[in-house]
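All heavy atoms count here, side chains included; hydrogens, waters and symmetry mates do not. Chain letters run A, B, ... following the sequence lines, proteins first and then strands; every chain starts at 1.
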Amino acid sequence: MRATLSLFRREFTAYFLSPIGYVALAGFLLVTGQLFFRAMSLLNETGADGIEYPMQVLLGDEKFWLVFLFIPPLLTMRLLAEERGAGTLEALLTAPIRDWQVVLAKFAACFAFYLVLWLPTLTYLPVLLDLHAFWKPAFTPYSIAMLAGILVAIAAFVMLLFGMNGWIAMLLGLIGAAAAGAGGWLHYTKDAQHLLELTAGIDPYPALTSYVGVVLAGAMFLALGMFVSSLVKSQLVAAMISLVLSLPLVVSAFWRLDRDSGTLLYRVEAFISVPEHFRNDFTRGILDTRWLVLYASLTLFFLLLTVRSLESNRSK
Amino acid sequence: MAKDVRYRKTLGNRLRFFIRFLGITGLLVFVIGMFVIVLSMPEVPSKPEQAAPAVQRFVMSSLDGSHGTGLQAAAIATLLAEAAIALWLITEVVGLLFLVTGRRTATGALSTVQIALASFLLVAVNVYSFSHYFRLDMTRGSNFTLPPQVAQELRTLNKQSPTTVVVLQKHQTFATIAGKQDSFDTAADSKVLEKVRDLVDQFRELGGRLRVVALDVNDKRYDQELAAATEGMPQLKQAIASAPESSIFFAAGDRVQRLSFSEFLQLDKTGSKEANGGKGNLVLREQGVSGFANRILAIQEKRPKAAILVTAKILSTDFIEGLEAVTLAGLKKSLVDHGFEVEEIFVRSESGGRNQPSQPSADSRDENRLVSLESKRDALQLQIEVTKARLKSAEDDRKKADEMDRQSEDAQILFWFQVYANFLRDRLVERAGEVAIDRDVAVRKKALDDYIRIRKSALDRMEKSLAETRDELAKLETNEKALEGQRERDVKAKLTKKLADVDLLIVPRLTIISAPSLFGFDPAMHQLSAEQAQVVKDFMKSGKPVLACLGPISGQDGPDLQAIDGFEKLLADRGIQLGNQTVLYNAEAAAYEEIRGKPFTQFAPHAADIPPLKLESKGLKGDRDPNPVGEGIRMTERSLGHSLDLRLRHPRPVALTPEARARSTFAAEFLYTDPESWNEASPYPQIRPERSAFGTVPVVSGIPEFQPTQTSENKPSTPDDERAGPFSVGVAIESELPKFWFEPQQAAGDVASLVLAGNPWNRIVASKVLAEETEAGHEKKGRLVVLGHGGIFTGPELKPVNEKLLLHSINWLLGRSDRLPQTEAQTWEYPRVNLSARQFSLWRWGTFLGLPLIAIYVGLIVLMVRKVR
């Protein structure tokens, strides 16, 4: 576990220590910022124009997916291809760590950075959901416990990030999370007044389902990219191949072979088209088990292939 | 240095190279071969699922050389290329598998098995989830979940019978009445389309086999896609062609139902402009999914049948060139377009001949045509015989005229006087106080020759017309139903039979068209006979609805009270008070004034601009529950963003008696004339002959003027008093049928008429009728809409405004409330955040530039720190 955590930490911090992470982050925020501006303009529109589901502007647009297509390869290309190219893969494989732990740690780190990419987009939500927050100094034992728990959890995360005592950090994290959770629940259910009153003028559930979709679809694309990275030595080749392999999952949304949405052809086309899943379902507050199963199963499948790919390297 | 293993020329490497080379070459050959084959095909279906098998069939048929040796070679090359590609792909997959799993150990073999199992599991799980899935609707308003009742009904749909749903986008849904499309109409059109598609998808989850096709008239491939969508379904094609606006069609077999976009979601333009603090938003009124569901569920049900009582061919639904403004062609078209079956019943027959009064009848269109053609044939035959006889006589006289040249002058004069008296009467002149003929004999002969020539030409025309009439008659005589109907002489029984399966009766009575021009139809021509009125009464007694459009009964000398027939008395029984006057607008007074004292010209232009009718769905005082038809129109007005421009020239006051008004649960009167109007007993100008330099000419001696009736305590006011407007001209009631209609004497009368009809079966049911009518009958309610104008639904096509009034009226009459605009409907609109300009700029630049700049800043700092280390 320690080795896994250590590898996770190494991989995760690597993103922040190389320019590629910041370039990806800045580029990603520029694109989403532009899409957010479009959504905000439509929400602030006068006359007959507008948008019913603002998240559709961000994630239902094909242009977003064309840009998004480059993000997972960019994040995954170095994961194993770099090790292989630099000749450190053999050293890693001979280290006291199992192949699945290597894959898990690297994937988790990559996935965590992917989540970090999305974190700044939460700042769009006050506008996209027409959120109104009202702070009240309702300091009760429950609210104080919740705040203290949050602070402790943040401290534990920072400790973990900077490589301080792992066990203490984990323990503090657990205590903080428990205090924050229990305190928050009791504060919400028992106290008459709350520290924070949040009202959403726009349905918040489409935003929630959109983020669920983004997390799961991202995991799928990252797992695919990681598998490709495990097969080749060159990072560029890894990025190119994973880009090409991801293409069918995105570009199938760009053309309509059949206008009858009830035909098998249409349904199969819609099944593999990730932008369609977002345009029709996730961004409109629908969770469809077909897409969830597809993303989860492909993620697991590619992770399994990656593990087997590493094992084959060991046996060569 | 050892040689790089990748360049070793082993057998395996050579084989792999060869297979790859073969595969890539095969790919190239396949693309070229398919290109050649598809180009050579006579027709390639537009749909991929049809195109692929068609191409495959063509390739297989090309193999034997039936399409030429070139195509045979292409087909063979394509098949070989497919095999090469397949071999290449299999080799690559196997290679990849070995690459992933390793090949040298037993672990490798185990890995291969594991990956194969995982692949199988991946496919199996996704195939299962593809067909067994669940959509969790997490939206706050359950926007993508059907109401439980609708869902339950849809589950009962027969999954074996496919239903085709065509979503037709004509880009004119909400602008059909307004005439032009504005931004609200356009936005509503596309939003409704989106909602329709969502709903169809939800229906498909539950219902039977729904085939959904979206058509856009602006699409370049519209014609091809329409042809593909309507293949084998001519009724659907016809319905799509006649749809006036963006609509959804539901077709199963030969049954088609149509739902316009506005019947699903109605644009509230007034609300849209007022929304968001006056800044505007798109506001749609949800009409409920039940209307949508009903179309699918009721697709196999019989279409409602409307019967129109017609009194003359020119007032029928035929399109008659030059007279289209008075025909009911538009009414029929609108009804058919909206899913009605329409039957015309001619209640007046022209069998008596041109100069004979028409007789009561109950003919269908074909029967009426048959009667009129027979009458025309007989008249033509008679005319031809007479013309031939006169022609022969004239020709004989012409021969005799040449011989008369040799006779004495007196004999000649006598002869020619006889000829002029017989054939050239119009050439007789007065000379020196005596009747005289042309002096010159040659002129006389030429006049006789001209007469013979003209008569011969007329005879040719008559014979041609007779031949055409006979041909048409021969065709009609093959119609057994028409022949049988024609043989039936009992008008009452015939009308009863015709109305038996009718759901709605429409009684249009066009009378005055333009009073200043003395242009209109005699009100008496619309009269129903007593037995016809009795049948209509029976129709109403069964609780079926009637839509009456009754023009004024004014004649040249005031109201023609003789024109009031049994039908109007039935309406009076229901509490309807039909005015005997005609409503004239103050604006028309000027037009009348212009013609006063001037020679009367029948087709003088009448340019007075009259004000539109006013909708008062809650009555004039606004204190009653709203009238359902009026509410439908009010919602349409909201959809338009302005009042409906419904104008009626010369309407007839239609109101409710005070007793009936008190009984009505809602405001029965809903359409009113402008207050600037009065009820005139004599709307026609008075004409009298006057001598002038040009001889005697008709001159307008008197015009209608507003002269209010003076009332006093001794002379209380009556509904017929002349007074200023507004006047109610539209009434919709739902009331219990008059009890006296069901009283024993009345019922006995009905029984007697049944017995007298002569059918023995009638005697058996007579007693049953008596019991039924007197016991439970009077509890029946009936719906009735009366509009005070006979021309409100005339013309080759109904104006959108008039069509809306018609549709709201008949939908309410038939109890199809789901097709009326829903007044209590929930509204939908776009969410708004209303940021100030400053907030907007802060959010825009803060997120678009601020966040990326922070990321770049942190990145630069980290890089600099690493460099310092």
Side-chain angles (χ1 to χ4, degrees), chain A residues 16-17 19 21-23 25-26 29-30 33-34 36-37 40 43-52 54 120 123-124 127 130 201-203 205-206 208-209 231 257-263 265 267 271 281 284-290 293-294 297-298 301 304-305 308-309 311-312 315-316, chain B residues 47-49 99-102 104-105 107-108 111 114-115 118 122 125-126 129-130 133-140 143-144 183-184 186-187 197 201 204 210-214 225 272 276 279-282 830-835 840 843-844 847-849 851-852 855-856 858-859 862-863 866:
Chain A
F16 293 98
L17 297 177
Y22 294 102
V23 169
L25 185 59
L29 288 174
L30 267 175
Q34 178 59 24
F36 167 68
F37 164 64
M40 185 171 65
L43 285 172
N44 214 40
E45 194 62 74
T46 58
D49 292 331
I51 180 75
E52 187 175 6
T123 57
Y124 306 155
V127 172
D130 193 20
I202 298 171
D203 191 354
Y205 292 102
L208 180 69
T209 52
L231 296 175
L257 289 176
D258 193 347
R259 280 181 174 251
D260 181 359
S261 56
T263 58
L265 191 67
R267 291 174 65 208
F271 182 71
D281 292 337
R284 303 202 300 168
I286 297 170
L287 285 182
D288 191 318
T289 54
R290 282 173 294 184
V293 168
L294 177 74
S297 62
L298 275 176
F301 181 68
L304 176 79
L305 287 186
R308 292 290 165 246
S309 174
E311 279 178 358
S312 77
S315 61
K316 278 176 188 172
Chain B
K47 290 195 156 196
E49 75 266 19
L99 182 71
V100 172
T101 58
R104 297 183 184 169
T105 62
T107 320
S111 291
Q114 282 178 353
I115 288 172
L122 175 77
V125 163
N126 280 289
S129 107
F130 183 71
Y133 59 91
F134 175 69
R135 282 161 65 86
L136 178 63
D137 176 11
M138 291 184 68
T139 53
R140 206 151 48 179
N143 301 348
F144 303 98
S183 61
F184 288 103
T186 312
R197 286 183 167 171
D201 284 341
R204 198 179 358 235
L210 291 185
R211 174 180 163 241
V212 185
V213 183
E225 286 173 359
S272 296
N276 197 20
K279 286 189 276 185
N281 197 341
L282 181 66
Y830 283 123
R832 295 283 195 236
V833 290
N834 290 322
L835 296 174
F840 189 84
W843 274 106
R844 180 187 178 178
T847 51
F848 180 60
L849 286 182
L851 289 176
I856 291 167
V858 173
V862 169
L863 285 178
R866 279 173 62 81

Main-chain N/O of [Y] paired to [X] side chain as donor or acceptor, under 3.5 Å:
X: N44(A); Y: N834(B); value: yes
X: R135(B); Y: I286(A); value: no
X: S297(A); Y: L122(B); value: no

What are the two closest heavy atoms between [X] and [Y], and how far apart are they?
X: I115(B); Y: F301(A); result: O-CE1, 4.4 Å
X: Y22(A); Y: A855(B); result: CD2-O, 3.3 Å
X: M40(A); Y: W843(B); result: SD-CB, 3.4 Å
X: A26(A); Y: P852(B); result: O-CB, 3.8 Å

Given that the side chain runs from C-beta out, which part of [X] has a heavy atom under 4.5 Å from chain A: side chain, backbone, both or neither?
X: V862(B); answer: side chain
X: S272(B); answer: neither
X: F130(B); answer: both
X: L863(B); answer: side chain

Between [options], which residue shows the highest count of heavy-atom pairs closer than 4.5 Å to chain B?
options: L25(A), T123(A), D130(A), L287(A); answer: L287(A)
options: P54(A), G50(A), G33(A), G201(A); answer: G50(A)
options: L298(A), D49(A), L304(A); answer: D49(A)

Would you mind telling me which of [options] has the largest number of heavy-atom pairs within less than 4.5 Å of chain A?
options: M138(B), Q114(B), R140(B); answer: R140(B)
options: N276(B), V125(B), N126(B), L282(B); answer: N126(B)
options: G859(B), P831(B), G280(B); answer: P831(B)

Practice problem: Answer yes or no: are there more than 12 heavy-atom neighbours, outside F16(A) itself, under 6.0 Å from its atom CZ? | Solution: yes
Self-check item: Side chain, backbone, both or neither of L208(A) within contact of chain B (heavy atoms, under 4.5 Å)
Solution: side chain
Quiz item: Using non-hydrogen atoms only, which part of T209(A) is less than 4.5 Å away from chain B: side chain, backbone, both, or neither?
Solution: side chain
Report yes if some heavy atom in the side chain of [X] is under 4.5 Å from a heavy atom in the side chain of [Y]; otherwise report no.
X: K279(B); Y: E45(A); answer: no
X: S129(B); Y: T289(A); answer: no
X: I202(A); Y: V833(B); answer: yes

Self-check item: Point-to-point distance, once rounded to the nearest 0.5 Å, from CG of L29(A) to CZ of F848(B)
Solution: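 Separation between the atoms: 11.0 Å.
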Quiz item: Roughly how far, to the nearest 0.5 Å, is CG of L851(B) from OH of Y124(A)?
Solution: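 Reported to 0.5 Å precision, the distance equals 5.5 Å.
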